[in-house]
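Report on one structure; see the data block that follows.
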Amino acid sequence: MLDAETKRRIDTCRDILVGKVPDPKSQVEQITVALIYKFMDDMDLEAEEMGGNPTFFTGEYEKFRWSKLVAPGVTGQDMLNTYSEALTKMVENDGLPALFRQIFRNAYLPYRDPETLRSFLREINGFIYDHSERLGDAFEYLLSVLGSQGDAGQFRTPRHIIDFMVEIIDPQKNEVILDPACGTAGFLISAYKHILKMNSSDAGPDEHIDEVNDVTELGLEHPQRFSGDLLSSEDRRALANNITGYDISPDMVRLSLVNLYLHGFASPKVQEYDTLTNDALWNDTADVILANPPFMTPKGGIKPHTRFQVQSKRSEVLFLDYIIEHLNPNGRAAVVVPEGVSFVGQSAYKQLRTKLIQDCYLVADVTLPHGVFKPYASVKTHILIIDRSLAKHASDVLFVEIENDGFSQTDTRERVDGSQLPAAKSALKRYFSSLLKGTEWQDIRDEVTAYRVHKKELLGGRNFHLLGRWHDLPNRITHKVGIDLMKLGDFCSIKKGLSPNMATPPGEYVLVVPAEARKSSDHWDFEGEAVCVPLVSSAGHGKADIKRLHYENGKFALANTMCALFVDPKHKVRPRYIHLLLEATKEQALVPLMCGATNVTMDSEQLAELLLPIPSIGLQDEIIETHLIRSKAADLVRSAETILDNSLDKGVHEVAKRISSEAGNLLTSAEKRRDISTVLGI
């Protein structure tokens, strides 16, 4: 387990380097190389103390020994010269295993300041390794603070999400496990840890999890804490051979190799390989694939090789196609995808979604909170659970919606109560069991939301979208028995706003915008009684949110980030009632319609499919009148408070009291009348 002193030293090393090496990934590389360098010398010293011979620093390389590098009396300039030379020469050292030589390939010192190097190496010199597990703990923490690689669309997957995915897929000791975009090998390490734990007679509960307050430190237990005593020597050899990874970045490959080596892999199988443009390994398949591939596509798109079934230049489409193409007949996968995979209308996306359903790949879809990748990105993502065997038994797809992963959705990502990950894992496991046993499954709407959508319904929807919440909308708006449900599109026409929010010249007409206060316009777009609905999330990137709707009557201009609902006069529906209903149910009815990985928007056409409870015209009028009475009472209360705050005159205070009394009478009257909660049954 990571100790406080190791954590402090790594943080100090980063603080020393930040002035000369501002990039977090470069800091990780510099610390990694230095830790490995010292570790090799420590192993040589240990061999000598036990009567053996050094292995790494022999012959002409003996002068580069760490103990000599940091010995008393060595000047900063001598230290700089020796260390710089060692980094370039070590790759030629035949005394190093091939893996270590690969780690030192292209290693260099990116600055020439002797004092910075002296401070850095002295801090590294304080690391004490009684065993490679301690170095593994240090490296795990180092990777945990590694920032985003935004230029490549890569974001480090939080360890608790990795472990959640691994536990759902449940990789076994004899299975080939692949991550085709492995980064620092987090999924591969977690899969190895899972297999060791499942094959250890002494494995107990994960007590450390409850002590962690920071998401970056979660799950840093070293896999070797599990003995794996139930694994035979043949099992261990198979494990070492079966856990594989690819990455396009040589830097990521180097970090992966170190990570796996420090976790017990003498010859880790991670290759520098472009999964999308190189088909040399196309015929290699796997039983289990775990991945969080890059979301970002370079300008101009990717130019993939010709063996993909789905033709696209988008990285998320190609990676997902690659994963389902490279699973063995009964293979399983868990893959993080941006929400666009579920709804984008381009042909490649639709073809991919159709393939996932029709060819029996997708068994479950888990929606993650928008802040999982903070502070580096606020993106809406899903975990697709693919199981070629289970999907053949299923006529539905299970959708699980996680709103709380145990950490805040802010940049600080601090621990919060109420994580839904355990409940989500339990729901998924029970659903899988029901498919295997042919037993009944009941949808869940308490600890976590988990519900099924029939495959025929998914394939029959507009653009074959895979957003389960769109199909589940009828179950989200509760209403009183006996009140009819009507599609909004059957009694409303929907008009998109025409006026730019910020660029419309002011004038004599109202300009309705998403903000609370309306603006003005030199023209009008629409005339009549309308409900104005925002189409763009008010919460910024990644999170769906609607703060307010507006009711407007007369001639008005409408921001192009909104749409207006006009009730057909032949229907007995009051526009003001629709405004009150949608305002009261926007979290259940409208927010689920918003989608997008970063730019979260709503398609106004989706509104037409919304089912709303429409009572008699008399009840609608009573609900509207109740609302107007309460609004008037609220205005009176505000007026009275303003008078009391701004005057000391007793006579004026008496007026304020009478106004307050009138407001109270109005509220008493409103309590005896029916309001929107009457329709909703709440």
Salt-bridge present (Glu339, Arg469; N to O < 4.0 Å)
yes

In sequence, state the C-alpha distance, the side-chain angles, and the governing distance for Lys632 and Asp635, and then conclude on salt bridge (charged side-chain N to carboxylate O under 4.0 Å, His left out).
CA-CA 5 Å; Lys632 183 176 180 181; Asp635 289 342; over 6 Å; no

Just by distance, do the side chain of His550 and the backbone of Val513 share a donor-acceptor pair under 3.5 Å?
yes

Any side-chain heavy atom of Ser660 within less than 4.5 Å of one from Val637?
no

Identify the two heavy atoms, one from Tyr577 and one from Pro615, that lie closest to each other, and give their separation to 0.1 Å.
OH-CD, 3.2 Å

Are Leu593 and Asp603 close enough, and set up right, to give a side chain to side chain contact (heavy atoms under 4.5 Å, CB included), and what steps lead you there?
CA-CA 8 Å; Leu593 292 176; Asp603 183 346; over 6 Å; no

If you measure from OG on Ser312 to CD on Gln346, what distance do you get to the nearest 0.5 Å?
7.5 Å

Hey, is CD on Glu527 packed in by over 12 heavy atoms from elsewhere, all under 6.0 Å?
yes

Sidechain N-carboxylate O distance under 4.0 Å for Glu609, Lys487:
yes

Smallest heavy-atom separation, Pro500 atom then Leu511 atom, equals O-CD2, 4.4 Å

Phe399 ring center within less than 6.0 Å of His471 ring center
no

Could Arg576 and Tyr551 be counted as a cation-pi pair, given that NZ or CZ must be under 6.0 Å from the ring centre and within 45° of the axis?
yes

Can a donor-acceptor pair be found, under 3.5 Å and without considering hydrogens, that links the side chain of His160 to the backbone of Leu421?
no

Ser604 and Ile494: which non-hydrogen atoms are nearest, and at how many Å?
O-CD1, 3.6 Å

Please test Leu612 against Leu581 for side chain to side chain contact (heavy atoms under 4.5 Å, CB included), starting from the C-alpha separation and ending with a verdict.
CA-CA 8 Å; Leu612 298 177; Leu581 177 64; 3.8 Å; yes

Between Asp359 and Lys392, is the closest basic N to carboxylate O distance under 4.0 Å?
no

What's the shortest heavy-atom distance between Leu619 and Val679, and which atoms?
CD2-CG2, 4.3 Å

Examine distances only and state if a side-chain atom of Ser408 and a backbone atom of Glu414 form a donor-acceptor pair shorter than 3.5 Å.
yes

Enclosure of Lys355 NZ (heavy-atom neighbours >12, cutoff 6.0 Å):
yes

Judged by atom type as modelled, is there a donor-acceptor pair below 3.5 Å linking the side chain of Thr561 to the main-chain atoms of Val536?
no

Closest heavy-atom pair and its distance - Val397, Asp365
CG1-N, 4.4 Å

With a 4.5 Å cut-off on side-chain heavy atoms, are Asn501 and Pro514 touching?
yes

Lys496, NZ: over 12 other non-hydrogen atoms inside 6.0 angstrom:
yes

Any chance the side chains of His523 and Ser499 put a donor and an acceptor closer than 3.5 Å?
yes

Thr381 (side chain) donor-acceptor with Val337 (main chain) under 3.5 angstrom:
no

Examine distances only and state if a side-chain atom of Gln409 and a backbone atom of Phe407 form a donor-acceptor pair shorter than 3.5 Å.
yes

Taking NZ, NE, NH1 and NH2 as the nitrogens, is one of them in Glu403 or Lys380 under 4.0 Å from a carboxylate oxygen of the other?
no

Any side-chain heavy-atom pair of Leu488 and Leu565 under 4.5 Å:
yes

Would you check if there is a donor-acceptor pair between the side chains of Arg430 and Ser426 at a distance under 3.5 Å?
yes

Let me see the working for Glu440 and Arg452 under salt bridge (charged side-chain N to carboxylate O under 4.0 Å, His left out), right down to the final yes or no.
CA-CA 12 Å; Glu440 285 295 318; Arg452 296 164 300 164; 5.4 Å; no

Please examine the side chains of Asp472 and Asp443, heavy atoms only from C-beta on, and report whether any two atoms are closer than 4.5 Å.
no

Tell me if the NZ atom of Lys425 is crowded by more than 12 foreign heavy atoms within 6.0 Å.
no

Any side-chain heavy atom of Leu467 sitting closer than 4.5 Å to one from His382?
yes

Among Tyr349, Phe343, Trp470, which residue satisfies the ring-ring contact (aromatic ring centres under 6.0 Å, His included) criterion with His465?
Trp470

Heavy-atom donor-acceptor pair, Ser433 side chain to Lys429 backbone, under 3.5 Å
no

Val335 vs Phe319, test: side chain to side chain contact (heavy atoms under 4.5 Å, CB included). Steps then yes/no.
CA-CA 9 Å; Val335 54; Phe319 266 112; over 6 Å; no

Hey, mind stepping through Glu625 and Arg673 against salt bridge (charged side-chain N to carboxylate O under 4.0 Å, His left out) and telling me if it holds?
CA-CA 9 Å; Glu625 190 172 349; Arg673 307 175 62 86; 3.0 Å; yes

With a 4.0 Å cut-off on N to O distance, would you call Glu552 and Arg518 a salt bridge?
yes

Can a donor-acceptor pair be found between the side chains of Asp568 and Ser493 at a distance below 3.5 Å?
no

Heavy-atom closest pair (Arg630 atom, Asp675 atom, distance to 0.1 Å) is NH1-OD2, 2.9 Å

CZ-CZ distance between Arg353 and Phe464, expressed to the nearest 0.5 angstrom
9.0 Å

Validation row: Leu356, Ile324 side chains within 4.5 angstrom (heavy atoms)
yes

Taking atom types as modelled and ignoring hydrogens, do the side chains of Asp545 and Ser538 form a donor-acceptor contact shorter than 3.5 angstrom?
yes

Quick one: does any side-chain atom of Lys519 pair with a main-chain N or O of Thr504 as donor and acceptor, under 3.5 Å?
no

Please verify the inter-ring angle class for Phe526 with Phe556; under 30° counts as parallel, over 60° as perpendicular, anything in between as tilted.
tilted

Does any N or O in the side chain of Gln420 come within less than 3.5 Å of the main-chain N or O of Asn404, such that one atom is a donor and the other an acceptor?
yes

Determine whether Glu587 and Val591 make a side-chain contact, defined as any pair of heavy atoms from C-beta on separated by less than 4.5 Å.
yes

Hydrogens and angles aside, do His454 and Asp396 bring a side-chain donor and acceptor to less than 3.5 Å of each other?
no

Quick one: sort the Phe491 and His571 rings into parallel, tilted or perpendicular, breaks at 30° and 60°.
perpendicular

Salt bridge or not between Arg674 and Glu622? Use side-chain N to carboxylate O under 4.0 Å.
yes

Val363 and Tyr431, any side-chain heavy atoms less than 4.5 Å apart:
yes

Full working for side chain to side chain contact (heavy atoms under 4.5 Å, CB included) between Phe432 and Ile385:
CA-CA 11 Å; Phe432 298 161; Ile385 308 297; 3.9 Å; yes

To the nearest 0.5 Å, what is the distance between CG (Leu611) and CG (Leu485)?
5.5 Å

Quick check against the 3.5 Å criterion: does Gln620 have a side-chain atom that pairs as donor or acceptor with the backbone of Arg574?
yes

When rounded to the nearest 0.5 angstrom, what distance separates CG in Leu535 from SG in Cys563?
4.5 Å

